[in-house]
Amino acid sequence: MSRRGLTLVVAGFLTLALGGAGALMPVPYVALSPGPTENTLGTVKGKPVITISGHQTYPTSGKLSLVTVAYQGGPTAHLDLLTALRGWVDPSVAVVPEETIFPKTVTVKEVEEQNTQEMTGSQQDATAAALNQLKIPIDTLVVVASTQKNRPADGKLRPGDQITEVDGAAIRNVDDVAAGVRKHKPGEQVEFTVVRDGKPVTVDVGTVEANGASIVGMIMGTRFKFPFNVNVNVGDVGGPSAGLMFSLGIYDKLTPGELTGGRSIAGTGTITADGKVGPIGGIQQKMIGARDAGATVFLTPGDNCGDALQSVPEGLRLVRVTTMREAVQAIDALRTGSGNVPACEAR
């Protein structure tokens, strides 16, 4: 072989080697793809997704499916360039900067813990939304979510403490607690009565000034006390975006008749205790997952309708919802063939 030929062969091998190495180089992106769907009226690993005890339940049919997004990549398992390039040309995959999912200010473990907490909170809110829709009374409890470091409450009040009284006065909501603290001048003590580990405890906490008012340095949250047990089992799914579908599944099990009429309905959206539906991320991947799972109707948060219309899969009907009440009414209209079914519309 001539020197020229040998040079070309060596150059070719080097190009292939460098190209192969480059394709495997990690890049700071995450690939989002359609994840599994779970029927809230069905089972996961042999266990019902929704179990209700202490109240009459009714048979259900069809599907009310939550949808998820799977991701590939991240700080502990970087995406390689070749996989990223494949994702960029695949319409079912979204390739986004790593920081979108994993901000540099938090660890992967913290992100996972937050997703778990959001899922737990979403199940509580979904149960409250369903029971409020049915006008079943529930009690709202005020709890300590966290305390601020180096503030008076730090080390005295604990996350999970249920606040029942401030200075001997019973409280009904977060505003009552804040008002009780603000009655004091900075430096004065506030007497809190809390339920901790099932027992009432009295705790005196000092106050400091912030923005012209007295504070103790805690963040409060709410927890609900339901008149019967509602348990949700979804395995490893995290985040708050399944709230709407949980609430509809609970509602269907607690009401006579079959809400879906046998239809396969999927959807997404956060939910508040008073039934407001909020937007979510990954709408494109969630719609594809829903259609692949056989859904023909997709309940879409109103604020997501614009993005959803740009990539709705063929054969999937988008139904616009902003509250749980609207979702129930829309499904009723689909089942009966009468009434209004609000659609996502281009603006």
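Values below: every heavy atom of this structure, side chains too, minus hydrogens, waters and symmetry copies. Computed from a predicted structure; not experimentally measured.
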Answer yes or no: is there a side-chain heavy-atom contact under 4.5 Å between Asn173 and Thr140?
no
Cluster question for you: counting only ILVMFWY and a side-chain heavy-atom cut-off of under 4.5 Å, with indirect links fine, are Val205 and Val177 together?
yes
Under a 3.5 Å distance rule, please check whether Asp176 uses its side chain to pair with a backbone N or O of Ala170 as donor and acceptor.
no
Tell me if a side-chain donor or acceptor on Lys156 pairs with a main-chain N or O of Val203 at a distance below 3.5 Å.
no
From Gln285 atom CD to Ser92 atom OG, the distance as rounded to the nearest 0.5 Å:
7.5 Å
Backbone N/O of His184 and side chain of Ser214: donor-acceptor pair under 3.5 Å
yes
For Arg196, all residues meeting salt bridge (charged side-chain N to carboxylate O under 4.0 Å, His left out), sequence neighbours excluded:
Asp161
Are the side chains of Lys276 and Ile271 in contact, using a 4.5 Å heavy-atom criterion?
no
Please report the interatomic distance CZ(Arg172) to OG1(Thr164), rounded to the nearest 0.5 Å.
14.5 Å
So, taking the atom named CG in Leu244 and the one named CZ in Phe246, what distance separates them when rounded to the nearest 0.5 Å?
11.0 Å
Please collect all disulfide bond (SG atoms under 2.5 Å apart) contacts where either partner lies in residues 37-92, sequence neighbours excluded, each pair once.
none
Contacts under 3.5 angstrom, residues 40-59 side chains, donor-acceptor by atom type, not counting sequence neighbours:
from: Thr40; atom 1: OG1; to: Leu64; atom 2: O; distance (Å): 2.7
from: Gln56; atom 1: OE1; to: Tyr58; atom 2: OH; distance (Å): 3.4

Kindly indicate whether the side chain of Ile171, heavy atoms from C-beta on, has any atom under 4.5 Å from the side chain of Val142.
yes
Report, one line per pair, each donor and acceptor closer than 3.5 Å where one atom sits in a side chain of residues 309-318; sequence neighbours left out.
none

Is there side-chain contact between Arg151 and Val208, with heavy atoms separated by less than 4.5 Å?
yes
Begin with the C-alpha distance, continue with both residues' side-chain angles, and end with the deciding distance and a verdict on side-chain contact (heavy atoms from CB on, under 4.5 Å) for Val93 and Leu32.
CA-CA 5 Å; Val93 176; Leu32 307 179; 5.8 Å; no
Is a side-chain N or O of Asp139 found less than 3.5 angstrom from the main chain of Phe226, in a donor-acceptor match?
no
The reported gap from CD in Glu209 to CD1 in Ile215 (rounded to nearest 0.5 angstrom) is 8.5 Å
Determine whether a donor-acceptor pair (N or O, by modelled atom type, separation under 3.5 Å) exists between the side chain of Thr207 and the backbone of Gly187.
yes
With sequence neighbours excluded, what pairs up with Glu326 under the side chain to side chain donor-acceptor pair (under 3.5 Å) test?
Thr322
Side chains of residues 252-267: which donor-acceptor pairs under 3.5 Å do they make with residues two or more places apart or in other chains?
from: Asp252; atom 1: OD1; to: Leu259; atom 2: N; distance (Å): 3.1
from: Thr255; atom 1: OG1; to: Tyr251; atom 2: O; distance (Å): 2.8
from: Thr255; atom 1: OG1; to: Asp252; atom 2: O; distance (Å): 3.4
from: Glu258; atom 1: OE1; to: Ser61; atom 2: OG; distance (Å): 2.7
from: Thr260; atom 1: OG1; to: Ser61; atom 2: O; distance (Å): 2.7
from: Thr260; atom 1: OG1; to: Gly262; atom 2: N; distance (Å): 3.1

Interatomic distance, CG@Asp274 vs CZ@Arg325, rounded to 0.5 Å, equals 11.5 Å
Taking all atoms of both residues into account, what is the closest heavy-atom pair of Ala273 and Asn132, and its distance?
O-ND2, 2.8 Å
Do Ile219 and Val143 sit in one hydrophobic cluster, given that two such residues count as connected whenever their side-chain heavy atoms are within less than 4.5 Å of each other, even indirectly?
no
Nearest non-hydrogen partners of Asp154 and Gln148, listed with the distance:
CB-O, 3.4 Å
Would you kindly confirm whether Leu141 and Phe192 end up in one hydrophobic cluster when ILVMFWY residues are joined by side chain heavy atoms under 4.5 Å apart?
no
Closest non-hydrogen atoms of Gly206 and Pro152, given as atom of the first, atom of the second and distance, are O-CB, 3.0 Å
Heavy-atom side-chain contact between Thr193 and Val201 under 4.5 Å
no
Quick one: does any side-chain atom of Thr300 pair with a main-chain N or O of Phe298 as donor and acceptor, under 3.5 Å?
yes
Expected output: side-chain Thr268 to main-chain Ser241 donor-acceptor under 3.5 Å:
yes
Return yes if some donor-acceptor pair links the side-chain N/O of Asp303 with the main-chain N/O of Pro279 below 3.5 Å, else return no.
no
Determine whether Ile163 and Val195 fall in the same hydrophobic cluster, where Ile, Leu, Val, Met, Phe, Trp and Tyr are linked whenever their side-chain heavy atoms lie under 4.5 Å apart.
no
Within the side chain of Glu188, is there an N or O that forms a donor-acceptor pair under 3.5 Å with the backbone of Lys185?
yes
Could you give the distance from OG1 (Thr127) to CD (Gln123), rounded to the nearest 0.5 Å?
7.5 Å
Look at atom CZ of Arg335 and say whether more than 12 heavy atoms of other residues, nucleotides or ligands are closer to it than 6.0 Å.
yes
